[in-house]
Amino acid sequence: MEIRKVADDRRRYLSLLLLADEQVDMVERYLNRGDMWVLVEAAGADSADEVLAECLVTDEGAGVLEIKNLAVVPEHQGRGLGRELIEHVARTYAGRYHALL
């Protein structure tokens, strides 16, 4: 498994984003505001990597980083994948923010 930053075409993850926030209009408000990370399981050469979880964070100013969306594919819940993404975010932004909400 690996965690990757998503730079473009975030809407392709909309079904996963909607697991955590069921309002499309709300998701669209923050979809391109912050950084998005996905946890993927690498597949073989003949198939696509499987996205297992996602996390989207935004800079809310005043040293605050907020997790706007965190979702794990239902079949993979309970395996610590959400925690892994949160820990990745905490490590990645350590020293740059004084609070992670």
Side-chain angles (χ1 to χ4, degrees):
M1 282 188 273
E2 80 178 278
I3 297 174
R4 299 177 186 159
K5 188 172 185 178
V6 177
D8 56 355
D9 194 19
R10 294 178 180 190
R11 288 191 59 78
R12 73 180 173 157
Y13 301 101
L14 191 58
S15 62
L16 187 54
L17 290 157
L18 291 173
L19 289 176
D21 192 339
E22 296 176 348
Q23 295 181 317
V24 174
D25 61 326
M26 184 62 74
V27 171
E28 288 179 346
R29 288 183 195 169
Y30 58 75
L31 183 60
N32 293 307
R33 268 189 54 214
D35 293 337
M36 183 175 186
W37 301 91
V38 292
L39 190 146
V40 299
E41 188 165 55
D46 295 337
S47 56
D49 295 344
E50 181 181 7
V51 176
L52 305 179
E54 65 76 26
C55 182
L56 195 145
V57 296
T58 58
D59 182 336
E60 296 300 311
V64 175
L65 185 69
E66 182 176 351
I67 296 173
K68 288 288 192 183
N69 196 298
L70 175 66
V72 177
V73 172
E75 307 78 73
H76 297 285
Q77 291 176 358
R79 295 177 42 199
L81 303 179
R83 176 185 302 265
E84 190 170 334
L85 275 171
I86 291 171
E87 289 172 355
H88 171 79
V89 165
R91 283 189 310 272
T92 299
Y93 299 97
R96 295 172 30 196
Y97 295 90
H98 73 271
L100 174 61
L101 303 177

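It should be emphasised that the depicted structure is a prediction, and the values quoted were computed from it without experimental measurement. Just so it is clear, the values below take in all heavy atoms, side chains as well, and ignore hydrogens, waters and symmetry mates.
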Can you get from [X] to [Y] by hopping between Ile, Leu, Val, Met, Phe, Trp and Tyr side chains that sit under 4.5 Å apart?
X	Y	answer
Val24	Leu17	yes
Ile86	Met1	yes
Val89	Val64	no
Met26	Leu16	yes
Val73	Met36	yes

(request) May I have the step-by-step check of side-chain contact (heavy atoms from CB on, under 4.5 Å) for Arg4 and Val40, ending in yes or no? (result) CA-CA 8 Å; Arg4 299 177 186 159; Val40 299; 3.4 Å; yes

(message) Give me the atom names and distance for the closest heavy-atom approach of Leu70 to Ala20.
(response)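 Nearest pair, atom of Leu70 first, then Ala20: O-CB, 3.3 Å.
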
(message) Give me the atom names and distance for the closest heavy-atom approach of Leu56 to Arg10.
(response)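 Minimum heavy-atom contact is CD1-NH1, 4.2 Å.
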
(request) For the pair Asn69 (side chain) and Cys55 (backbone), establish whether a donor and an acceptor sit closer than 3.5 Å, ignoring hydrogens and angles. (result)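 The answer is no, because no donor-acceptor pair under 3.5 Å joins these two groups.
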
(request) Would you give the length of the straight line joining atom CG of Leu85 to atom CG of Leu39, rounded to the nearest 0.5 angstrom? (result)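 With rounding to 0.5 Å, CG (Leu85) is 5.0 Å from CG (Leu39).
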
(message) Just verifying a value: how many Å separate Leu31 CG and Leu14 CG, rounded to the nearest 0.5 Å?
(response)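 Reported value, rounded in 0.5 Å steps: 7.5 Å.
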
(request) Taking only Lys NZ, Arg NE, NH1 and NH2, and the carboxylate oxygens of Asp or Glu, determine whether Glu28 and Arg11 approach each other closer than 4.0 Å. (result)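 A salt bridge links Glu28 with Arg11.
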
(request) Salt-bridge test for Asp59 and Arg33: reply yes if a basic N is under 4.0 Å from a carboxylate O, no otherwise. (result)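 Not counted as a salt bridge, because no side-chain N and carboxylate O are separated by less than 4.0 Å.
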
Considering only heavy atoms from C-beta outward, does the side chain of [X] approach that of [Y] to under 4.5 Å?
X	Y	answer
Trp37	Glu54	no
Val57	Glu66	no
Leu101	Leu65	no
Leu100	Tyr93	no

(request) For atom CD of Glu22, decide whether the heavy atoms of other residues, nucleotides or ligands shown that lie under 6.0 angstrom number more than 12. (result)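 Count not over threshold, so no.
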
(message) When you compare the side chains of His76 and Glu41, does any donor N or O come within less than 3.5 Å of an acceptor on the partner?
(response)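 The answer is no; no qualifying pair exists.
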
